[in-house]
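Both ligands and their constituent atoms are indexed starting at 1 by order of listing. Computed over heavy atoms, backbone and side chain alike; hydrogens, waters and symmetry mates excluded.
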Amino acid sequence: MRNIGSFDYIIVGGGSAGCVLANRLSESGAYRVLLLEAGGRDRNPWIHIPIGYAKLFKNKKLNWLYESEPEPELLGRRIIQPRGKVLGGSSSINGLVYIRGQKEDFDGWRQRGNIGWSYEDVLPYFMKAEDQARGADDFHGVGGPLAVSDQCETHELCDAFIAAANALGIPKNDDFNGAGQEGVGYFQTTSRRGRRCSAAVAYLRPARRRTNLHTVTHAPARRILFENGAAIGVEFSHHGEICRAMAAGEVILAAGAFASPQLLQLSGVGPAALLKTHGIAIARDIPGVGENLEDHLQARMIYRCTKPITLNDDVAHLTRKIGISLRYAVKRMGPLTISAGYAGGFFRTDPRLATPDVQVHFINFSTTKMGDKLHDFSGFTASLCQLRPESRGSVRIKSADPAAPPAIQLNYLAAESDHRTMVAGLKLLRRIMQQAPMRPYIAAEHEPGEQCTSDEDLLQHVRARGSTIYHPTCTCRMGEDAMSVVDARLRVRGLAKLRVVDGSVMPSVVSGNTNAAIIMIGEKGAEMILADAAARPALKAAS
Ligand SMILES: Cc1cc2nc3c(=O)[nH]c(=O)nc-3n(C[C@H](O)[C@H](O)[C@H](O)COP(=O)(O)OP(=O)(O)OC[C@H]3O[C@@H](n4cnc5c(N)ncnc54)[C@H](O)[C@@H]3O)c2cc1C
């Protein structure tokens with residue numbers, strides 16, 4: 001086994017959180033940092049062109065393409081779970097929508113005993129990360145690594161959707177990340193001048209010349225090495241060779257909501273019974289590792305459009321396609337710059353609720369499945385997801401082989417309250433679509449279709465066609481209770497020198513898209529790690 005040396009910090013996973021950590025921990029020059037990433041560099045040009053996300057859904061080189069176990073409430077279907085396998089991780093293949101979540105999400109985290117994670121506590125880290133194109137205000141920062149921009153242009157269909165929601169009394173909201181989330185409007189995107197701003201572009205590129213940051217790609221971690229209850233290094237493979245790296249300071253897992261718990265379990269940290277089944281020696285029995293999996297289930301409504309103004313029409317005509325490419329090449333504008341939600345909204349399905357419980361992503365194209373080719377008719381899509389589902393799933397290893405994917409069980413719709421919210425959300429969405437501003441654009445409801453009328457029909461549509469909106473989280477939940485895995489400083493309970501800093505530590509999924517909150521977690525996690533190192537003079541002296 002080749003030993004590649006000793007570092008102060010070893011970060012496993014160069015995704016949204018991992019890139020933030022790599023930058024911030026190497027910033028001062030005082031610490032030697034190793035970043036291990038299972039995938040390769042972000043050279044594929046489609047990563048950097050915003051609409052490229054649609055091309056990357058099925059790219060096995062850049063995408064782990066996990067598959068869930070059969071989902072009992074979704075007619076036993078296995079649901080594809082894309083995750084980035086490349087520098088930047090899922091932020092290199094995601095839909096670019098910039099949403100932070102609701103103030104109440106973070107206050108809820110704090111309310112569960114997680115000191116330092118209330119909205120007031122986390123807002124400065126969102127702002128520190130941000131380079132907001134509209135400029136700074138009470139909620140937004142400028143000069144941070146992560147570029148946040150408006151869509152480069154409006155679209156007739158999005159305008160009609162916004163007006164239709166307004167006609168139903170839903171207010172316009174020009175900033176879903178500002179004073180309040182409720183309402184309808186255009187999404188902002190993580191992009192700069194028509195190019196994707198992934199975590200790798202934002203955080204890793206500026207740091208790549210630092211001599212104290214060592215990045216190894218094609219280096220999947222196999223297990224964490226322990227001695228006397230403390231993490232001391234990581235074993236990984238690299239082009240067929242088994243290697244190890246030692247950590248004088250800490251090992252930090254940032255491999256995401258599926259791979260971080262998987263790696264803990266492979267290393268003997270997890271539910272004792274599961275580890276015993278696979279003959280893995282127990283380093284620490286932590287029952288919550290891999291449990292409490294949360295995700296947002298989406299159900300799409302697809303419409304045939306009366307006018308040839310959709311992206312489906314653009315790509316069907318060679319001259320329009322060439323025009324789009326030229327416009328992007330020359331001006332960095334046009335359909336190639338749009339995010340996975342062009343416009344959208346946050347709605348309450350019940351007026352008695354304090355905050356929105358569903359989100360809609362509205363987009364000017366349609367496909368049968370995500371990542372498929374566009375329909376050959378003029379079409380557009382409104383997708384609905386429930387923001388705070390009660391159903392919980394799990395991630396559990398199926399074997400002691402690090403190369404074998406874990407069993408991922410989402411248990412979508414396991415809770416009956418989730419049925420009600422999805423059905424109520426679809427009914428609300430339909431009412432929006434029936435308002436006067438939208439009517440001239442709708443030739444027919446293609447999916448689920450006008451024959452689908454009762455609540456039971458709508459639920460059946462969700463069961464038959466629902467899929468993930470790519471927000472798996474909470475599998476190494478932060479907290480104080482018996483099922484929590486890390487404490488509020490993101491340290492794995494009962495083990496020294498080991499943290500998890502990624503989407504898996506969320507105590508509950510945020511009410512919105514997850515990338516911004518995970519970058520915030522990376523910023524806050526890095527600050528905690530550096531503060532703890534400063535209080536530990538031995539590490540400073542060793543560096
Ligand atoms: C298709 C898609 C669309 C999305 N759209 C949006 C959106 O529009 N807006 C939004 O806010 N969010 C979106 N998300 C979600 C968001 O991008 C993710 O929640 C976020 O990027 C996850 O960050 P993370 O750091 O937890 O994990 P990731 O970014 O997934 O990073 C984990 C990294 O660890 C690496 N890794 C895994 N195992 C190992 C190992 N054993 N050794 C070494 N490295 C390993 C992976 O290759 C990866 O690079 C989307 C996600 C997907 C997949």
Side-chain angles (χ1 to χ4, degrees), residues 10-21 35-40 42 50 53-54 56-59 62-66 80-101 146 148 177 187-191 196 198-200 204 216-224 234-238 253-264 266-267 295-296 298 339-341 344 359 361 363 370-371 402-403 405-406 467-476 500-506 509-510 512-519 521-522 525:
I10 302 178
I11 302 159
V12 178
S16 295
C19 290
V20 180
L21 291 164
L35 175 64
L36 295 175
E37 166 54 42
D42 54 346
Y53 68 83
L56 305 175
F57 270 117
K58 293 178 178 170
N59 183 324
L62 302 174
N63 189 331
W64 290 87
L65 286 173
Y66 292 102
I80 297 287
Q81 297 284 338
R83 294 279 94 194
K85 187 184 190 179
V86 57
L87 285 180
S90 300
S91 77
S92 286
I93 67 163
N94 75 10
L96 290 92
V97 175
Y98 181 77
I99 293 289
R100 295 173 176 175
L146 186 69
V148 179
N177 303 299
F187 287 128
Q188 286 205 296
T189 70
T190 42
S191 66
R196 177 195 290 276
S198 68
L204 217 49
V216 187
T217 53
H218 303 290
R222 294 165 54 84
R223 65 188 178 108
I224 307 152
V234 176
E235 183 185 294
F236 63 99
S237 54
H238 192 231
L253 299 189
F258 297 144
S260 284
Q262 178 194 17
L263 199 54
L264 284 171
L266 289 168
S267 311
D295 190 18
H296 290 141
Q298 71 163 322
S339 54
Q359 178 179 4
H361 290 78
I363 192 89
M370 301 303 287
S467 68
T468 177
I469 204 158
Y470 324 112
H471 299 156
T473 42
C474 310
T475 48
C476 298
V500 185
V501 183
D502 60 21
S504 62
V505 303
M506 286 189 188
V509 68
V510 289
N513 312 71
T514 42
N515 186 47
I518 293 171
I519 285 182
I521 290 170

Using a 4.0 Å heavy-atom cut-off, say whether Thr473 meets ligand 1 through its side chain, its backbone, both or neither.
neither
Check ligand 1 against Val12 and write out every atom of the ligand that is under 4.0 Å from a heavy-atom position of the residue.
42 (N), 43 (C)
Note: heavy atom closest to atom 46 (C) of ligand 1, options Gly84, Ser90, Ser92, Pro82, belongs to Gly84
To which protein heavy atom is atom 11 (O) of ligand 1 closest, and what is the distance rounded to 0.1 Å?
Asn515 N, 2.8 Å
Which of the ligand 1 atoms, numbered from 1, are nearer than 4.0 Å to a heavy atom of Val86
49 (O)
Select the closest option to atom 32 (C) of ligand 1 among Gly13, Gly89, Ala255, judged by heavy-atom distance.
Ala255
At less than 4.0 angstrom from any non-hydrogen atom of Ala259, what atoms of ligand 1 do you find?
37 (C), 38 (N)
Suppose we measure from atom 5 (N) of ligand 1 to each protein heavy atom; which comes out shortest, and what is that distance?
Gly95 N, 2.9 Å
Is the Tyr470-Tyr53 ring centre distance short of 6.0 angstrom?
no
Pairing donors with acceptors under 3.5 angstrom, does anything connect the side chains of His296 and Asn513?
no
Within the structure provided, determine whether Tyr66 and Pro406 are in side-chain contact (heavy-atom separation under 4.5 Å).
yes
Considering only protein heavy atoms, which is closest to atom 52 (C) of ligand 1, and at what distance to one decimal place?
Tyr470 CB, 3.4 Å
Of all the heavy-atom pairs spanning Pro82 and Ile93, show the shortest one and how long it is.
CB-CD1, 4.4 Å
Is there a side-chain contact between Leu266 and Arg222 (heavy atoms, below 4.5 Å)?
no
Can you confirm whether Val500 sits close enough to Leu264 that some side-chain heavy atom of one is under 4.5 Å from a side-chain heavy atom of the other?
yes
NE2 (His361) and CD (Gln298) are apart, to the nearest 0.5 Å, by 8.0 Å
Side-chain contact test, heavy atoms from C-beta onward, threshold under 4.5 Å: evaluate it for Ile99 versus Phe187 and give yes or no.
yes
For atom 26 (O) of ligand 1, what's the nearest protein heavy-atom neighbour? Residue, atom name and distance, please.
Gly503 N, 3.0 Å
Would you kindly say whether Asp502 and Ser260 are connected by a side-chain donor-acceptor distance under 3.5 Å?
yes
Nearest candidate to atom 13 (C) of ligand 1, where distance is taken over non-hydrogen atoms, out of Asn94, Leu87, Val216:
Asn94
Rounded to the nearest 0.5 angstrom, the OG-CD distance for Ser467 and Gln81 is 8.5 Å
How close does the nearest protein non-hydrogen atom get to atom 10 (C) of ligand 1, and which residue and atom is it?
Asn513 CB, 3.3 Å
Under 4.5 Å between any side-chain heavy atoms of Lys58 and Asn63, yes or no?
no
Where does Ala221 meet ligand 1, judged by heavy-atom distances below 4.0 Å: at the side chain, the backbone, both, or neither?
both
Below 4.5 Å, heavy atoms only, C-beta onward: do Asp295 and Thr473 meet side chain to side chain?
no
Under-4.0 Å heavy-atom contact with ligand 1, by part of Ser339 that carries it
neither
Quick test: of every protein heavy atom, which one is nearest to atom 24 (P) of ligand 1, and how far off is it to 0.1 Å?
Ile518 CG2, 3.9 Å
For ligand 1, is any non-hydrogen atom under 4.0 Å from Trp64's backbone (N, CA, C, O), its side chain (CB onward), both, or neither?
side chain
Which heavy atom of Ala259 sits nearest to which heavy atom of Ala255, and what is that distance?
CB-O, 3.3 Å
Would Gly18 count as being in polar contact with ligand 1, using the rule that some N or O on each side must be under 3.5 angstrom apart?
no
Of all heavy-atom pairs between Ala257 and Thr475, which one has the smallest distance, and what is that distance?
O-OG1, 2.7 Å
Atom CG in Leu263, atom CD1 in Ile224: separation rounded to 0.5 Å?
4.5 Å
For ligand 1, the portion of Ala254 having any non-hydrogen atom under 4.0 Å away
backbone
Minimum-distance protein heavy atom relative to atom 19 (O) of ligand 1:
Thr514 OG1, 2.7 Å
Within the structure, does Ala17 bring an N/O atom to less than 3.5 angstrom of an N/O atom in ligand 1?
yes
Option nearest atom 47 (O) of ligand 1 (shortest heavy-atom distance, choices Arg223, His218, Arg83, Glu37):
Glu37
N or O contact, Val97 vs ligand 1, cut-off under 3.5 Å:
yes
Among all the protein's non-hydrogen atoms, which is closest to atom 44 (N) of ligand 1, and how far away is it?
Ala38 N, 3.1 Å
Quick one: does Val501's side chain get under 4.5 Å of Ile521's, heavy atoms only?
yes
Using a 4.0 Å cut-off to any heavy atom of Gly256, which atoms of ligand 1 qualify?
26 (O), 27 (O), 32 (C)
Below a 4.0 angstrom heavy-atom separation, can you tell me which part of Phe57, side chain or backbone, both or neither, approaches ligand 1?
side chain
Within a strict 4.5 Å, meaning less than it, do heavy atoms of the Asn94 and Ser91 side chains meet?
yes
Just which atoms of ligand 1 are under 4.0 Å from any heavy atom in Leu36?
43 (C), 44 (N)
Which atoms of ligand 1 are found less than 4.0 Å from any heavy atom of Lys85?
47 (O)
Please identify which atoms of ligand 1 are closer than 4.0 Å to at least one heavy atom of Ser91.
21 (O)
Within-shell test, Ala219 vs ligand 1, heavy atom, strictly < 4.0 Å:
yes
